[in-house]
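These values consider heavy atoms only, across backbone and side chains, with no hydrogens, waters or symmetry-generated copies.
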Amino acid sequence: MGKQLSMAASILCMAIVAMAAVGEAAVVEHTFVVHEMNMTHLCNTTKVYVVNGQLPGPQLDVTDGDTVIVHLVNQLPHGVTIHWHGIRQLRNCWADGAGYVTECPVAPGGNRTYRFDVSGQVGTLWWHAHVTCLRASIHGAIVVRPKDGRYPFPTPARDVPIVIGEWWTLDLVELDRRNLDGNFEDDPPSATINGKLGDLSNCSGVPEESFVLDVERGKSYLLRFINAALFSEYFFKVAGHTFTVVGADANYLTPFRTDMVTIAPGETMDVLMVADAPPGHYHMTAVGNQPPPPDLQIRALSSRGLVRYAGVRGDNNGLPVPAPLMPGQHDTMPSYYFRGNFTGLAYPGRHRVPMHVDERLFITLGLGSICRDGKKDCKLRRSNESITVATMNNVSFHHQTAASLLERYYDGNGEGVYTEDFPDNPPRPYNYTDMDLVPTGPLEEVLEPAPKAIRLRRFKYNTSVEIVFQSTALLQSDPNPMHLHGFDFFVLAQGLGNFDPKKDVKKFNYYNPQLRNTVHVPRVGWVAIRFVTDNPGMWYLHCHFEFHIVMGMATAFIVEDGPTPETSLPPPPADFQRCGTNGFSKP
């Protein structure tokens, strides 16, 4: 009875959303109760970690200029943090929610309060857990609306979140443990659209439930895409319909037409769809996209939903339901061409690209190996003596679990925990996209050993930084969706093959590049970004493929204080919970 009363109180608490006017802005307040629940799919009952009994979790609806307060209550047997993916968190990395980077996790039975402002951003962002693999089910949308209610495109009849995810039957904490051990051969049995597996999956011949989007002919709908999946980029189509892409990562884009959306883990996109087809039912399909052999293969992942026009019988008036023709699972080129359409919408007040560069980094993204048990010599390449790790410039980030890097930096006692010597370039140049590096070979064996360490990079305030991310073929040829906390950056160009600093800089778009917080670095290709370090604090940089981040494809940037209090990191809030000796935050 006590647990029932506790859960009832939690449900009542989580339903409270307070909005109090503060000038033109408002305070939006929610309670997130994180807990376990059982869900049954594919004839099996699985323990799932969720927020407020929902998958996906509750949507945060805010207006540009609002303040958000979220009270987190942890009823899990594991620690948890929540990251507000894409929120700039200006001078507020204390609320960023990156586990062991900006805070220690909230202990089982504990709670904490996140406070942050939403300013200068309009569109779709999202929130998710940021410890272990829990974000596979602990996630939800953040919808930021313009102050005046007007968009630079036709106002839609309504907006609809489209959260593409994965259904996991393996416990997510165990999945994290296996990834940390260099094992990334576990696959989810299905993709999901808004938590629904869809009728391509079934239990003993009975189709799984599908997500259904009800529309009226002639009206337009703003589809707010989020890829919350751990492992895959996804293609998305609706039979008989086209899209107009108008935004990404809460920044407007120059609108462009397409019949397919391609979205990688961590990315968000705003897409208009007009219901202009003959009234009927039409399948929507999401299909995972992975590199072809010789890369390690995962099963073909897909989910299917339905667009249903008003006034049409449940049997589609006796007609078959059309399904879209999708690209092949291993065809990575449609993703590259789709992203080649992205430019930022030019409008008054838009940020300008910094034309000078103070610091240049060339960062290679790949895999490597370390010896088990601290040994110096061992047999590499997936042997029992070694662990496969992910790397940036041949350094694999060590995820410590005892303290917050931000606390150590702020308190001035980072010595012995981290160093500030993350390399600006890889230790040796090579043909980064040579596909002979994917299988075992003499050159691969030379490049494979990688140190495990916490090597960070420090920047002075207001530094103009250019980074070229280079995806490699070292042990694999995956693309890499790279996410930088605390910043939007300009995406100047992308390309295939090895980046050529003499030729490829001519491709840089300085006029209207897109602003993003997550950029998809193409398979055996590169992306160039530029930004200004105008946000002091500690900011995580990592690949948003979960197995890559767990295995070490990450680092963090330290941005020093500026010359004034307004350009400096303030002390932590009075109720900020510092790390305890057990690796959890202290109440």
Below 3.5 Å, can you tabulate the donor-acceptor pairs from side chains in residues 551-574 to any protein atom, sequence neighbours excluded?
from	atom 1	to	atom 2	distance (Å)
Thr555	OG1	Arg455	O	2.8
Glu560	OE2	Arg458	NH1	3.2
Asp561	OD1	Leu569	N	2.9
Thr564	OG1	Glu566	N	3.4
Thr564	OG1	Thr567	N	3.3
Thr564	OG1	Thr567	OG1	3.0
Thr567	OG1	Thr564	N	3.0
Thr567	OG1	Thr564	O	3.0
Ser568	OG	Gly562	O	3.4
Ser568	OG	Thr564	O	2.7

Measure the shortest side-chain to side-chain distance between [X] and [Y] over non-hydrogen atoms and say whether it is less than 4.5 angstrom.
{"X": "Phe531", "Y": "Asp488", "result": "no"}
{"X": "Ile138", "Y": "Phe32", "result": "no"}
{"X": "His544", "Y": "Met482", "result": "no"}
{"X": "Asp66", "Y": "Val27", "result": "no"}
{"X": "Ser396", "Y": "Ile370", "result": "no"}
{"X": "Ser471", "Y": "Val524", "result": "no"}
{"X": "Leu492", "Y": "Val353", "result": "yes"}
{"X": "Tyr430", "Y": "Leu447", "result": "yes"}

Those residues that, when tested against [X], pass side chain to side chain contact (heavy atoms under 4.5 Å, CB included) (two or more places apart):
{"X": "His71", "value": "Glu29, Thr31, Ile69, Thr113"}
{"X": "Pro429", "value": "Tyr432"}
{"X": "Asn509", "value": "Thr343, Tyr511, Asn512, Pro513"}

What pairs of residues pass the salt bridge (charged side-chain N to carboxylate O under 4.0 Å, His left out) test when at least one of them lies in [range], not counting sequence neighbours?
{"range": "residues 113-127", "value": "Arg115-Asp575"}
{"range": "residues 93-110", "value": "Glu103-Arg112"}
{"range": "residues 80-93", "value": "Arg88-Asp534"}
{"range": "residues 508-521", "value": "Asp249-Arg516, Glu267-Arg516"}

Can [X] and [Y] be counted as having a side-chain donor-acceptor contact under 3.5 angstrom?
{"X": "Thr463", "Y": "Asp358", "value": "no"}
{"X": "Asn74", "Y": "Asn111", "value": "no"}
{"X": "Ser464", "Y": "Glu359", "value": "no"}
{"X": "Arg339", "Y": "Ser335", "value": "yes"}

Disulfide bond (SG atoms under 2.5 Å apart) filter on Cys104, not counting sequence neighbours, yields Cys579

Under 6.0 Å between the ring centres of [X] and [Y]?
{"X": "His485", "Y": "Phe487", "answer": "no"}
{"X": "His483", "Y": "His520", "answer": "no"}
{"X": "Phe545", "Y": "Phe231", "answer": "no"}
{"X": "Phe225", "Y": "Trp126", "answer": "no"}
{"X": "His398", "Y": "Tyr418", "answer": "no"}
{"X": "His542", "Y": "His548", "answer": "no"}
{"X": "His139", "Y": "His128", "answer": "no"}

What's the separation between atom [atom1] in [X] and atom [atom2] in [Y], rounded to the nearest 0.5 Å?
{"X": "Asn517", "Y": "Thr268", "atom1": "CG", "atom2": "OG1", "result": "6.5 Å"}
{"X": "Leu456", "Y": "Phe422", "atom1": "CG", "atom2": "CZ", "result": "9.5 Å"}
{"X": "Asn251", "Y": "Gln514", "atom1": "CG", "atom2": "CD", "result": "9.5 Å"}
{"X": "Gln470", "Y": "Phe499", "atom1": "CD", "atom2": "CZ", "result": "9.0 Å"}

Could you tell me if Arg457 sits above the aromatic ring of Phe459, with its cationic atom closer than 6.0 Å to the ring centre and no more than 45 degrees from the axis? yes

Shortest non-hydrogen pair, Ile142 vs Trp127, comes out as CG1-CD1, 3.9 Å

So disulfide (SG to SG under 2.5 Å) across residues 460-518, not counting sequence neighbours, yields none

For residues 506-565, the disulfide (SG to SG under 2.5 Å) pairs (sequence neighbours left out) are none

Residue set satisfying salt bridge (charged side-chain N to carboxylate O under 4.0 Å, His left out) with Glu466, at least two apart, ordered chain then number -> Arg360, Arg530

Handout entry: Pairing of Arg578 and Asp411 as salt bridge, 4.0 angstrom limit
Key = yes

Exactly one of Tyr409, Tyr410, Tyr114 clears ring-ring contact (aromatic ring centres under 6.0 Å, His included) with Trp94, and that residue is Tyr410

Between His130 and Tyr540, does the side-chain hydrogen bond (donor to acceptor under 3.5 Å, both in side chains) criterion hold? Intermediate values first, please.
CA-CA 11 Å; His130 214 308; Tyr540 205 16; 5.8 Å; no

For Ile549 and Phe397, run side chain to side chain contact (heavy atoms under 4.5 Å, CB included): C-alpha distance rounded to whole Å, both residues' side-chain angles, the deciding distance at 0.1 Å, then the answer.
-> CA-CA 9 Å; Ile549 184 175; Phe397 187 80; over 6 Å; no

